[in-house]
**Q** 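This is the structure I have questions about; it appears just below.
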Amino acid sequence: MLTLHRIREEKDKLVQALGKRQLEAGPLLDKVIGLDESRRALQTELDATLAEANKLSKEIGQLFKSGEVEKANTLKAQTADLKEKSKELGEQLQTAESQLQEELYQLPNAPHSSVPAGNSEEDNEEVFQKGEVPELHGEALPHWELAKKYDLIDFELGVKVTGAGFPVYKGKGARLQRGLINYFLDRNTAAGYTEIQPPHLVNEASGLGTGQLPDKEGQMYHVTADDLYLIPTAEVPITNILRGELLQESELPIAYTGYTPCFRREAGSYGAHVRGLNRLHQFDKVELVRVERTEDSYAALDGMVEHVKGLLEELQLPYRILRLCGGDLGFTSALTYDFEVYSTAQERWLEISSVSNFEDFQSNRLKLRYKSADGKKQLAHTLNGSSLALPRVVAALLENFQKEDGIELPEVLHSYCGFSKID
RNA sequence: GGAGGAAUGGCAGAGUGGUCGAAUGCGGCAGUCUUGAAAACUGUUGAGGGUCACACCUCCGGGGGUUCGAAUCCCUCUUCCUCCGCCA
């Protein structure tokens with residue numbers, strides 16, 4: 001959520017920045033500013049009314065103490081009006097506050113100055129590309145065929161047990177998943193991230209905190225009996241660990257990593273592009289979450305990008321990095337780099353990581369602040385990134401490393417999987 | 001799931017209707033002393049709103065109520081503890 005302070009002080013800049021999302025923000029911001037003004041006017045009036053009532057109460061107390069009951073009763077009568085008035089003002093204030101809240105919730109984050117304007121993924125800007133696309137042998141197969149051929153992943157079995165989009169990993173397929181998870185966690189902890197195992201269900205407050213609610217309600221599985229949500233990403237529970245905290249500056253930066261399954265309803269997406277592992281209702285992901293001082297967050301974002309690059313290079317996968325344009329940028333993000341690996345058999349790029357700086361957008365909702373050395377309190381900056389989303393890594397590994405007689409895994413995975421070749 | 005008890009500032013812990021935003025201790029910060037540190041002593045130390053700054057308002061787990069007045073009384077929800085049941 002954008003801060004009121006920023007909306008009041010930098011409205012023109014915000015209108016310009018939000019314009020990159022193809023959003024005509026001027027009228028929305030004016031509405032917010034108007035609501036905020038009336039909210040504050042109501043608050044001031046209510047405060048004055050309460051102050052008067054408090055004063056009277058104290059006097060009444062004194063009078064009772066000194067036995068002047070009659071005088072006290074006279075004053076009592078006077079409080080009735082004040083009570084009525086403060087009740088009314090309180091209700092108006094509450095209405096104003098919830099209206100303001102509602103408007104604020106609907107405003108997406110303002111894109112960073114480097115974000116290109118644009119409508120869709122066609123306007124994303126490629127900022128880096130590395131790795132050779134391998135020459136495949138004549139009968140190269142897409143990963144869903146390979147998964148079947150070597151009995152690694154059974155999609156039909158998942159349909160039987162649960163439904164479409166819930167694959168069953170078997171044998172070396174399961175072991176490859178586990179090996180990748182361990183490899184990612186080891187690399188992340190070596191880079192200074194603390195490993196976290198968070199809950200896989202979160203409450204509504206957490207969903208609101210990181211911005212999945214209220215706008216993406218339909219994307220999450222909702223356990224209505226207990227009013228909990230299955231997490232769509234580890235970002236939600238891990239970032240919410242810090243919800244409402246007032247940290248010391250010396251505690252920053254905070255760097256967490258965690259593996260969780262991720263659950264997404266992906267309502268309405270069917271077709272060739274969601275075949276196999278390309279889009280699932282349940283998938284595994286190792287996530288990175290950082291909390292930074294405001295002045296450090298962009299350096300930290302660069303650091304995360306470098307870290308993820310290192311992983312992809314060790315996995316020897318051809319990849320590219322895109323700077324997302326305003327139209328493709330997530331609701332809460334100020335700047336996002338998407339990592340895509342090339343899936344040779346499918347001849348397309350697959351998104352496997354998204355690294356974002358949310359600046360203070362999330363922390364404003366989360367009320368995540370820190371106290372700097374001079375005692376000033378300010379909202380922290382939050383960032384996150386995937387390292388990495390498993391299914392598409394698996395898809396790319398299977399497809400890119402396939403040979404006539406099996407799949408040769410990149411060296412770094414051998415010890416993690418306990419085998420070097422799938423055949 | 002059943003029966004009881006509890007929830008107060010960074011922590012511990014007083015406070016059962018009226019100058020209580022809250023005693024006291026610990027911790028934190030500043031100072032005195034010291035070559036330096038420790039100890040000791042003195043002062044200071046919650047959060048949000050509001051203001052140029054004050055004033056002022058709100059907050060004692062969340063929500064609602066009683067009262068001129070609530071940390072204190074009532075209702076409700078949540079969480080924690082003890083006992084019982086169930087259970088990986």
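Lettering of chains follows the sequences in order, A, B, ..., and the numbering in each one begins at 1.
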**Q** Among all residues two or more places apart in sequence or in another chain, which pass the side-chain hydrogen bond (donor to acceptor under 3.5 Å, both in side chains) test with A:Tyr183?
**A**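 Applying side-chain hydrogen bond (donor to acceptor under 3.5 Å, both in side chains) to A:Tyr183 gives A:Glu314.
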**Q** Taking the six-membered ring for Trp, are A:Tyr221 and A:Phe166 parallel (under 30°), tilted (30 to 60°) or perpendicular (over 60°)?
**A**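 It falls in the tilted class, 30° to 60°.
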**Q** Mind calculating the distance between CG (A:Asp226) and C1' (B:rU78) to the nearest angstrom?
**A**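 Whole-Å distance recorded here is 14 Å.
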**Q** Could you pull out all donor-acceptor pairs under 3.5 Å where a side-chain atom in residues 298-308 of chain A meets a protein atom, sequence neighbours excluded?
**A**
residue: A:Tyr298; atom: OH; partner: A:Glu359; partner atom: OE2; Å: 2.5
residue: A:Glu306; atom: OE2; partner: A:Lys309; partner atom: NZ; Å: 3.1
residue: A:His307; atom: NE2; partner: A:Asn188; partner atom: OD1; Å: 2.7

**Q** Show me the pairs that pass side chain to side chain donor-acceptor pair (under 3.5 Å) and involve residues 195-212 of chain A, at least two apart or across chains.
**A**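 Every side chain to side chain donor-acceptor pair (under 3.5 Å) pair that includes a residue of residues 195-212 of chain A, provided the two are not neighbours, is A:Asn203-A:Ser206, A:Ser206-A:Arg243, A:Thr210-A:Gln212, A:Thr210-A:Asn240.
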**Q** Show every side chain to side chain donor-acceptor pair (under 3.5 Å) that has at least one partner inside residues 157-175 of chain A, sequence neighbours left out.
**A**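 Qualifying pairs: A:Asp151-A:Lys170.
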**Q** If you pin A:Leu246 and A:Thr44 to their nearest nucleotides in RNA chain B, which one's is more 5'?
**A**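 Per heavy-atom nearest nucleotide, the more 5' residue is A:Leu246.
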**Q** Is the distance from OP1 or OP2 of B:rA47 to the nearest side-chain N or O of A:Lys367 less than 4.0 Å?
**A**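 For B:rA47, neither OP1 nor OP2 has a side-chain N or O of A:Lys367 closer than 4.0 Å.
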**Q** Between A:Asn357 and A:Ser297, do the side chains contain an N or O donor and an N or O acceptor separated by less than 3.5 Å?
**A**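 A pair is found: one side chain offers a donor N or O, the other an acceptor, under 3.5 Å apart.
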**Q** If B:rA88 has a Watson-Crick or G-U wobble mate with both distances under 3.5 Å, name it; if not, just say none.
**A**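 With both distances under 3.5 Å required, B:rA88 matches none.
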**Q** Check every strand shown and say whether A:Lys371 touches a base, only sugar-phosphate, or nothing at a heavy-atom separation below 4.0 Å.
**A**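 Result for A:Lys371 = sugar-phosphate.
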**Q** Which residues, if any, of residues 85-97 of chain A bring a heavy atom under 4.0 Å of RNA chain B?
**A**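 Result for residues 85-97 of chain A: none.
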**Q** Among residues two or more places apart or on two chains, list those pairs meeting salt bridge (Lys or Arg N to Asp or Glu O under 4.0 Å) that have a residue in residues 34-47 of chain A.
**A**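 Only A:Arg8-A:Asp36, A:Asp36-A:Arg39, A:Asp36-A:Arg40 qualify under salt bridge (Lys or Arg N to Asp or Glu O under 4.0 Å).
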**Q** Can you name the ring pair (Phe, Tyr, Trp, His ring centres under 6.0 Å) partners of A:Phe358, sequence neighbours left out?
**A**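 Residues passing ring pair (Phe, Tyr, Trp, His ring centres under 6.0 Å) with A:Phe358: none at all.
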**Q** Using OP1 and OP2 only, check whether a side-chain N or O of A:Lys377 sits under 4.0 Å from B:rG48.
**A**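 Indeed, a polar side-chain atom of A:Lys377 lies that close.
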**Q** Report the residues that fulfil side-chain hydrogen bond (donor to acceptor under 3.5 Å, both in side chains) with A:Lys76, sequence neighbours left out, ordered by chain and then residue number.
**A**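 A:Lys76: no side-chain hydrogen bond (donor to acceptor under 3.5 Å, both in side chains) contacts found.
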**Q** Show me the protein contacts with nucleotides 16-22 of chain B, counting only N or O atoms at under 3.5 Å.
**A**
residue: B:rG18; atom: N2; partner: A:Ser57; partner atom: O; Å: 2.9
residue: B:rU19; atom: O4; partner: A:Gln62; partner atom: NE2; Å: 3.4

**Q** Give a yes or no on whether a donor-acceptor pair under 3.5 Å exists between the nucleobase atoms of B:rG49, that is its base, and the side chain of A:Asp47.
**A**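 Donor-acceptor pair under 3.5 Å: yes.
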**Q** In terms of the nearest nucleotide of RNA chain B, which residue is placed more toward the 5' end: A:Ala51 or A:Arg369?
**A**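 Between the two, 5'-proximity favours A:Arg369.
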**Q** Quick check on side-chain contact (heavy atoms from CB on, under 4.5 Å): which of A:Leu368, A:Leu366, A:Asn384 does A:Val291 satisfy it with?
**A**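 That would be A:Leu368.
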**Q** With a 3.5 Å limit on both atom pairs, tell me what B:rA12 is paired to, counting Watson-Crick and G-U wobble, or say none.
**A**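 B:rU24 is the nucleotide pairing with B:rA12.
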**Q** Paired with B:rU79: which nucleotide, if any, by Watson-Crick or G-U wobble criteria at under 3.5 Å for both distances?
**A**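 B:rA6 is the nucleotide pairing with B:rU79.
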**Q** Which atom pairs, donor and acceptor, lie under 3.5 Å between side-chain atoms of residues 245-256 of chain A and protein residues at least two apart or in another chain?
**A**
residue: A:Glu249; atom: OE1; partner: A:Ala373; partner atom: N; Å: 2.9
residue: A:Glu249; atom: OE2; partner: A:Arg293; partner atom: NH1; Å: 2.8
residue: A:Glu251; atom: OE2; partner: A:Gln248; partner atom: N; Å: 2.8

**Q** So which nucleotide does B:rA40 pair with, by the Watson-Crick or G-U wobble rule with both distances under 3.5 Å?
**A**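 Here B:rA40 is engaged in a pair, and the nucleotide opposite it is B:rU32.
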**Q** With a 4.0 Å heavy-atom cut-off, tell me which residues in residues 199-213 of chain A come close to RNA chain B, sorted by residue number.
**A**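 Close to the strand, none.
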**Q** Any side-chain N or O of A:Asn73 below 4.0 angstrom from OP1/OP2 of B:rC68?
**A**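 Looking at the OP1 and OP2 atoms of B:rC68, neither is under 4.0 Å from any side-chain N or O of A:Asn73.
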**Q** Can A:His381 and A:Asp296 be counted as having a side-chain donor-acceptor contact under 3.5 angstrom?
**A**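 No, A:Asp296 and A:His381 have no side-chain donor paired with an acceptor closer than 3.5 Å.
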**Q** Using atom CG of A:Asp227 as one end and atom P of B:rC77 as the other, report the distance to the nearest whole Å.
**A**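 Answer to the nearest Å: 16 Å.
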**Q** Within a 6.0 Å radius of atom CD on A:Gln16, are there more than 12 heavy atoms belonging to other residues, nucleotides or ligands?
**A**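 Incorrect, the count does not exceed 12.
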**Q** List in numerical order all residues of residues 29-41 of chain A for which some heavy atom is under 4.0 Å away from an atom belonging to RNA chain B.
**A**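 RNA chain B contact set from residues 29-41 of chain A: A:Arg39, A:Arg40.
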